[in-house]
**Q** 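I have a structure I would like to understand better, so I am pasting it below and will then ask my questions one at a time.
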Amino acid sequence: MNETYPEDLVRHVAASTGLSEATATRVVADVKAYFSETVEAYVRRRHAELKDKNWKNDEIWPLLAAELGARSFGAPELTERQLRRMVYG
């Protein structure tokens with residue numbers, strides 16, 4: 001990996017999980033990527049996941065709006081129209 005992470009964090013993850021330091025570094029990178037996802041990227045990814053499960057947009061928009069409030073990026077409250085624009089432009 002090109003990025004480095006705090007050594008104490010990697011050591012902590014390795015020690016607390018029994019993972020090797022290399023694997024712990026990948027776990028830390030995955031967690032960082034998860035929490036670094038933008039609101040727009042999250043909306044697009046989640047919309048695609050739900051469409052793949054045959055959800056209808058009328059079901060998806062309220063769910064996305066609720067999920068955004070629980071995410072770490074502290075998304076502002078978005079309307080269904082704003083969510084649709086993120087997905088469809």
**Q** Could you give the distance from OG1 (Thr25) to OH (Tyr5), rounded to the nearest 0.5 Å?
**A** 8.5 Å

**Q** Using the side-chain hydrogen bond (donor to acceptor under 3.5 Å, both in side chains) criterion, which residues pair with Thr23? Sequence neighbours excluded.
**A** Ser20, Arg26

**Q** Quick one: side-chain hydrogen bond (donor to acceptor under 3.5 Å, both in side chains) partners of Ser16, sequence neighbours excluded?
**A**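 If we apply the side-chain hydrogen bond (donor to acceptor under 3.5 Å, both in side chains) test to Ser16, skipping adjacent residues, there are no hits.
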
**Q** What closest approach, in Å, do Val13 and Thr17 show between heavy atoms, and which atom pair accounts for it?
**A**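 Scanning both residues completely, I find the closest heavy atoms to be O-OG1, 2.5 Å.
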
**Q** Which pairs pass ring-ring contact (aromatic ring centres under 6.0 Å, His included) with one or both residues in residues 48-67, sequence neighbours excluded?
**A**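 Output for this query lists His47-Trp61.
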
**Q** For the residue pair Ile60 and Leu83, establish whether any side-chain heavy-atom pair is separated by less than 4.5 Å.
**A**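 Ile60 does not reach Leu83 side chain to side chain.
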
**Q** Applying side-chain contact (heavy atoms from CB on, under 4.5 Å), name anything that partners Asp8, two or more places apart in sequence or on another chain.
**A**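 side-chain contact (heavy atoms from CB on, under 4.5 Å) list for Asp8, sorted by chain: Pro6, Arg11.
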
**Q** Per the salt bridge (Lys or Arg N to Asp or Glu O under 4.0 Å) rule, what does the pair list look like for residues 79-89, sequence neighbours excluded?
**A**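 Matches after skipping sequence neighbours: Glu80-Arg84.
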
**Q** Begin with the C-alpha distance, continue with both residues' side-chain angles, and end with the deciding distance and a verdict on side-chain contact (heavy atoms from CB on, under 4.5 Å) for Val43 and Leu68.
**A** CA-CA 8 Å; Val43 168; Leu68 286 173; 4.1 Å; yes

**Q** Begin from the C-alpha positions of Val10 and Glu7 and carry the test side-chain contact (heavy atoms from CB on, under 4.5 Å) through to its verdict.
**A** CA-CA 5 Å; Val10 172; Glu7 289 181 31; 5.7 Å; no

**Q** What pairs of residues pass the salt bridge (Lys or Arg N to Asp or Glu O under 4.0 Å) test when at least one of them lies in residues 42-53, not counting sequence neighbours?
**A** Glu37-Arg45, Glu40-Arg44, Arg45-Glu49, Arg46-Glu49, Arg46-Glu67

**Q** Does the side chain of Leu78 reach to within under 4.5 Å of the side chain of Met86, using non-hydrogen atoms?
**A**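 Yes, their side chains come closer than 4.5 Å.
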
**Q** Calculate, to the nearest 0.5 Å, the distance between atoms NZ and CG belonging to Lys32 and Asp30 respectively.
**A** 12.0 Å

**Q** Report the residues that fulfil side-chain contact (heavy atoms from CB on, under 4.5 Å) with Ala14, sequence neighbours left out, ordered by chain and then residue number.
**A** Glu21, Ala24

